[in-house]
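Here is the structure we will look at, set down as structure tokens.
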Amino acid sequence: MWKALWLAALAALCAAQLPDLKIERTAPEQPLPFSHKQHVSTNGMKCQQCHPVPDPGDFATLPKTALCMGCHSSVKTDSPHIKKLAGLHAENKRVPWAGVYRVPDWVSFSHRKHVTSGASCEDCHGPVAERAVLRREKDLSMAACMDCHRAKRASNDCLLCHDQR
Ligand code: HEC
Ligand code: HEC
Ligand code: HEC
Ligand code: HEC
Ligand code: HEC
């Protein structure tokens with residue numbers, strides 16, 4: 001009797017701790033072992049140096065190899081990963097990074113509007129500066145977007161996010 005109750009309580013606790021399905025427990029496989037912890041926390045680089053949010057401000061964008069080669073034409077040149085990076089740069093190719101956070105293209109989303117309304121990168125992407133590998137650790141499903149809109153008193157009108165449909 002007690003054992004059954006205890007097991008039921010344990011099962012309920014485990015269910016409560018299961019992450020939302022929109023959160024990924026494993027990181028996508030990347031073409032190079034790029035570490036935010038190394039570049040941001042150790043080297044002191046800022047998010048905007050690599051993700052500048054150019055006009056019109058929808059995307060934070062990913063850096064071109066030329067930016068990387070600013071250091072890696074002399075830093076760690078003996079590494080096979082840096083050799084691969086230098087090879088892509090010489091061929092004028094981008095690094096084929098796997099996406100971590102994506103919304104369908106029929107959803108309106110602007111990085112600039114959110115950052116200027118006071119949201120930080122960490123609010124939506126977690127403690128990136130401490131991560132050697134990125135995975136989708138924050139929920140950015142429709143329900144999560146709407147939770148923050150409700151909390152910040154922003155509109156939750158369907159057409160705010162779905163005007164293109
Ligand atoms: C030296 C350049 C560099 C800096 C500085 C940098 N990043 Fe990145 N970032 C990258 C690269 C390269 C990738 C793609 C590889 C990966 O996902 O780890 C990336 C990926 C990301 C992604 C996932 C993108 C996707 O496709 O979904 C997020 C989110 C992100 N960075 C946020 C940040 C934040 C927040 C900061 C500051 C704390 C930051 N980055 C600083 C280079 C940088
Ligand atoms: C400000 C200089 C700087 C810039 C810009 C920079 N890196 Fe680095 N990177 C470093 C340093 C320093 C290390 C650590 C080297 C070591 O372990 O001795 C490093 C390490 C790495 C490593 C690990 C190499 C290995 O085999 O251990 C990879 C991969 C890497 N960087 C990729 C990138 C990519 C991709 C970009 C552009 C998005 C980039 N870096 C931009 C300075 C930089
Ligand atoms: C309000 C939530 C939110 C905030 C704040 C936010 N992001 Fe994002 N980020 C997203 C969403 C949603 C996506 C997927 C966008 C898409 O697919 O168009 C994304 C995608 C990205 C990507 C992949 C490339 C791209 O532009 O789609 C990078 C890099 C990134 N974010 C970096 C950052 C950085 C750096 C900051 C801080 C300056 C930041 N984000 C702030 C929600 C946010
Ligand atoms: C951290 C809180 C937060 C999260 C998470 C968030 N939003 Fe917002 N969003 C806001 C706030 C606050 C505003 C109002 C900004 C203003 O009007 O200045 C806003 C405004 C908007 C707007 C109207 C701005 C414009 O572009 O005209 C759209 C569209 C939008 N959000 C879409 C989304 C989507 C899609 C997601 C999920 C992928 C999302 N938001 C997640 C806080 C958030
Ligand atoms: C704050 C932004 C936001 C608002 C407001 C919003 N949505 Fe969404 N919606 C999203 C995002 C982001 C997705 C894609 C991610 C997902 O499926 O969770 C989505 C996906 C959907 C989908 C596809 C679901 C699926 O499973 O593929 C439908 C249908 C939808 N929304 C309808 C609505 C309706 C109806 C309203 C008004 C009651 C609404 N949305 C309001 C952001 C929003």
Side-chain angles (χ1 to χ4, degrees), residues 20 22-24 26-156 160-164:
D20 185 293
K22 297 289 181 179
I23 296 172
E24 304 283 350
T26 49
E29 205 173 302
Q30 297 289 3
L32 293 172
F34 176 82
S35 162
H36 278 83
K37 189 172 186 195
Q38 167 73 46
H39 292 86
V40 181
S41 292
T42 308
N43 296 355
M45 292 183 74
K46 301 273 173 263
C47 311
Q48 284 76 4
Q49 281 178 263
C50 293
H51 305 296
V53 193
D55 287 338
D58 288 358
F59 297 102
T61 72
L62 291 175
K64 294 193 172 127
T65 53
L67 191 145
C68 313
M69 294 312 289
C71 289
H72 286 295
S73 54
S74 57
V75 174
K76 201 91 187 198
T77 50
D78 53 337
S79 152
H81 306 301
I82 300 305
K83 289 201 168 107
K84 184 173 171 186
L85 175 69
L88 288 167
H89 179 69
E91 290 173 44
N92 211 1
K93 287 190 182 144
R94 305 201 69 139
V95 183
W97 302 112
V100 181
Y101 292 89
R102 288 295 177 273
V103 292
D105 56 11
W106 40 265
V107 171
S108 315
F109 180 80
S110 158
H111 269 91
R112 187 174 296 162
K113 286 271 166 76
H114 284 87
V115 174
T116 56
S117 83
S120 70
C121 312
E122 290 73 18
D123 286 339
C124 294
H125 299 303
V128 171
E130 305 310 319
R131 297 288 181 251
V133 175
L134 293 193
R135 64 180 175 87
R136 189 172 177 138
E137 61 183 282
K138 285 284 194 171
D139 180 4
L140 290 175
S141 63
M142 174 163 138
C145 307
M146 291 178 96
D147 281 349
C148 185
H149 280 210
R150 206 170 292 120
K152 306 272 186 204
R153 298 177 196 287
S155 165
N156 262 334
L160 184 79
C161 303
H162 297 303
D163 58 349
Q164 317 282 1

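Ligands are counted one by one from 1 in listed order, and the atoms in each one are counted from 1 as well. Bear in mind that the values here come from a model prediction, so they are computed numbers and not experimental data. Atom set for the values below is all heavy atoms of this structure, side chains included, hydrogens, waters and symmetry mates excluded.
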(message) If you define the side chain from C-beta out and look only at heavy atoms, does anything of V128 sit under 4.5 Å from C121?
(response) no
(request) Report yes or no: does R102 have a heavy atom closer than 4.0 Å to ligand 1? (result) yes
(message) How long is the straight-line distance from NZ of K83 back to CG of D78, given to the nearest 0.5 Å?
(response) 6.5 Å
(request) Look up atom CD in E24 and atom OH in Y101, then write down how far apart they are to the nearest 0.5 Å. (result) 10.0 Å
(request) Answer side chain, backbone, both or neither: which part of L134 comes under 4.0 Å from ligand 1, heavy atoms only. (result) side chain
(request) Pull out every atom of ligand 2 sitting under 4.0 Å from any heavy atom of P63, numbered as shown with elements. (result) 38 (C)
(message) Minimum heavy-atom separation for H72 and I82, please, with both atom names.
(response) ND1-CD1, 3.4 Å
(request) May I ask you to identify the nearest protein heavy atom to atom 36 (C) of ligand 1, giving residue, atom name and distance to one decimal place in Å? (result) C47 SG, 2.8 Å
(message) Which option wins on minimum heavy-atom distance to atom 21 (C) of ligand 2: Q38, K76, H72?
(response) H72
(request) Measure from the ring center of F109 to the ring center of H114 and say whether it is less than 6.0 Å. (result) yes
(request) With rounding to the nearest 0.5 Å, note down the distance linking CG in L160 to CE in M146. (result) 9.5 Å
(message) Any carboxylate oxygen within less than 4.0 angstrom of a Lys/Arg side-chain nitrogen, looking at E137 and R131?
(response) yes
(message) Give me the nearest non-hydrogen protein atom to atom 27 (O) of ligand 1 as residue plus atom name, then the distance to 0.1 Å.
(response) Y101 N, 2.7 Å
(request) For atom 25 (C) of ligand 2, grab the closest protein heavy atom and report residue, atom and distance to one decimal in Å. (result) S79 OG, 3.6 Å
(message) Measuring from atom CG of L85 to atom OG1 of T77, what distance do you get when rounded to the nearest 0.5 angstrom?
(response) 11.5 Å
(message) I'd like to know: is atom 8 (Fe) of ligand 2 within the 2.8 Å range of an N/O/S atom from H39, strictly under that distance?
(response) yes
(message) What I want to know is whether S120 and ligand 3 share at least one N or O pair that is separated by under 3.5 angstrom.
(response) no
(request) Provide the closest heavy-atom pair for H125 versus L140 in the form atom of the first, atom of the second, distance. (result) CE1-CD1, 4.4 Å
(request) Please work out whether any backbone atom (N, CA, C, O) or any side-chain heavy atom from C-beta onward of I82 is under 4.0 Å from ligand 2, and answer side chain, backbone, both or neither. (result) side chain
(request) Please work out whether any backbone atom (N, CA, C, O) or any side-chain heavy atom from C-beta onward of C68 is under 4.0 Å from ligand 2, and answer side chain, backbone, both or neither. (result) both
(request) Using a cut-off of strictly less than 2.8 Å, determine whether H51 has an N/O/S atom near atom 8 (Fe) of ligand 3. (result) no
(message) Measuring from atom CG of D147 to atom OG of S141, what distance do you get when rounded to the nearest 0.5 angstrom?
(response) 8.0 Å
(request) For S41 and Q38, indicate whether the former's side chain and the latter's backbone hold a donor-acceptor pair under 3.5 Å. (result) no
(message) Can you name the atoms of ligand 2, numbered from 1 with element, that are less than 4.0 Å from a heavy atom of H81?
(response) 26 (O)
(message) Does only the side chain of N43 get under 4.0 Å from ligand 2, or the backbone, or both, or neither? Count heavy atoms.
(response) side chain
(request) Check if L140 has a non-hydrogen atom at a distance under 4.0 Å from any atom of ligand 3. (result) yes
(message) Within the 4.5 Å heavy-atom criterion, are R136 and T26 side-chain neighbours or not?
(response) no
(request) Among all protein heavy atoms, pick out the one at the shortest distance from atom 18 (O) of ligand 3; state its residue, atom name and that distance to 0.1 Å. (result) F59 CE2, 3.4 Å
(request) Using a 4.5 Å cut-off on heavy atoms from C-beta on, say whether the side chain of K84 contacts that of H89. (result) no
(request) Do me a favour and list the nearest non-hydrogen protein atom to atom 38 (C) of ligand 3 with residue, atom name and distance? (result) C121 SG, 2.7 Å
(message) Under a 4.0 angstrom heavy-atom cut-off, which atoms of ligand 2 come close to M45?
(response) 1 (C), 4 (C), 5 (C)
(request) Looking only at non-hydrogen atoms, find the nearest pair between H149 and N156 and report the distance. (result) CB-OD1, 3.3 Å
(message) Checking the N or O distance criterion of under 3.5 Å, is ligand 3 in contact with H111?
(response) yes
(message) Could you identify the single nearest non-hydrogen protein atom to atom 2 (C) of ligand 2 and state the distance to 0.1 Å?
(response) C71 SG, 1.9 Å
(request) Within a distance under 4.0 Å of any heavy atom of G99, pick out the atoms of ligand 1 and give their elements. (result) 26 (O)
(message) Out of K46, Q49, H36, who is nearest to atom 5 (C) of ligand 1 when you count heavy atoms only?
(response) K46
(request) Give the residue, atom name and distance (to 0.1 Å) of the protein heavy atom nearest atom 42 (C) of ligand 3. (result) F109 CZ, 3.3 Å
(request) Evaluate the side-chain proximity of F59 to R112: yes if any heavy-atom separation is below 4.5 Å, no if none is. (result) no
(request) Indicate yes or no: does an N/O atom of V103 lie under 3.5 Å from an N/O atom of ligand 3? (result) yes
(request) Using a 4.0 Å heavy-atom threshold (strictly under), name the region of W97 that reaches ligand 1: side chain, backbone, both or neither. (result) side chain
(message) Report whether any nitrogen, oxygen or sulfur of H125 sits less than 2.8 Å from atom 8 (Fe) of ligand 3 (N, O or S, backbone or side chain).
(response) yes
(message) Please list, in number order, the atoms of ligand 3 under 4.0 Å from a heavy atom of A119.
(response) 5 (C)
(message) Just to check, does P33 reach to within less than 4.0 Å of ligand 2 when the distance is taken from its heavy atoms?
(response) yes
(message) Once you restrict to heavy atoms under 4.0 Å, what part of L62 touches ligand 1? Side chain, backbone, both or neither.
(response) side chain
(message) If you define the side chain from C-beta out and look only at heavy atoms, does anything of R135 sit under 4.5 Å from I23?
(response) yes
(request) Search all heavy atoms of G126 against all heavy atoms of K138 and return the closest pair with its distance. (result) N-CG, 3.6 Å
(request) Just let me know how D105 lines up against ligand 3, side chain, backbone, both or neither, with a heavy-atom cut-off below 4.0 Å. (result) neither
(message) Is any side-chain heavy atom of L62 closer than 4.5 Å to one of H51?
(response) yes
(request) Just jot down the ligand 3 atoms closer than 4.0 angstrom to any heavy atom of H114, in number order. (result) 1 (C)
(message) To check your reading of the model: name the closest protein heavy atom to atom 1 (C) of ligand 3, its residue, and the distance in Å.
(response) C124 SG, 2.7 Å
(message) Quick check: closest heavy atoms across P96 and L88, and the distance to 0.1 Å?
(response) CD-CD1, 4.4 Å
(message) Would you compute the distance between atom NZ of K64 and atom CE of M69 and round it to the nearest 0.5 angstrom?
(response) 16.0 Å
(message) For atom 17 (O) of ligand 1, what's the nearest protein heavy-atom neighbour? Residue, atom name and distance, please.
(response) Q30 NE2, 3.4 Å
(message) Need the ligand 1 atom indices (1-based, order shown) with element for anything under 4.0 Å from a heavy-atom of V100.
(response) 17 (O), 23 (C), 25 (C), 26 (O), 27 (O)
(request) Could you tell me whether A60 and ligand 3 have an N or O pair separated by under 3.5 Å? (result) yes
(message) List ligand 2 atoms under 4.0 Å from L67, heavy atoms only on the residue side.
(response) 5 (C)
(request) Taking all non-hydrogen atoms of both residues into account, name the closest pair between L32 and H81 and its distance. (result) CD2-O, 3.4 Å
(request) Specify the protein heavy atom at minimum distance from atom 3 (C) of ligand 1: its residue, its atom name, and the distance to 0.1 Å. (result) C50 SG, 2.7 Å
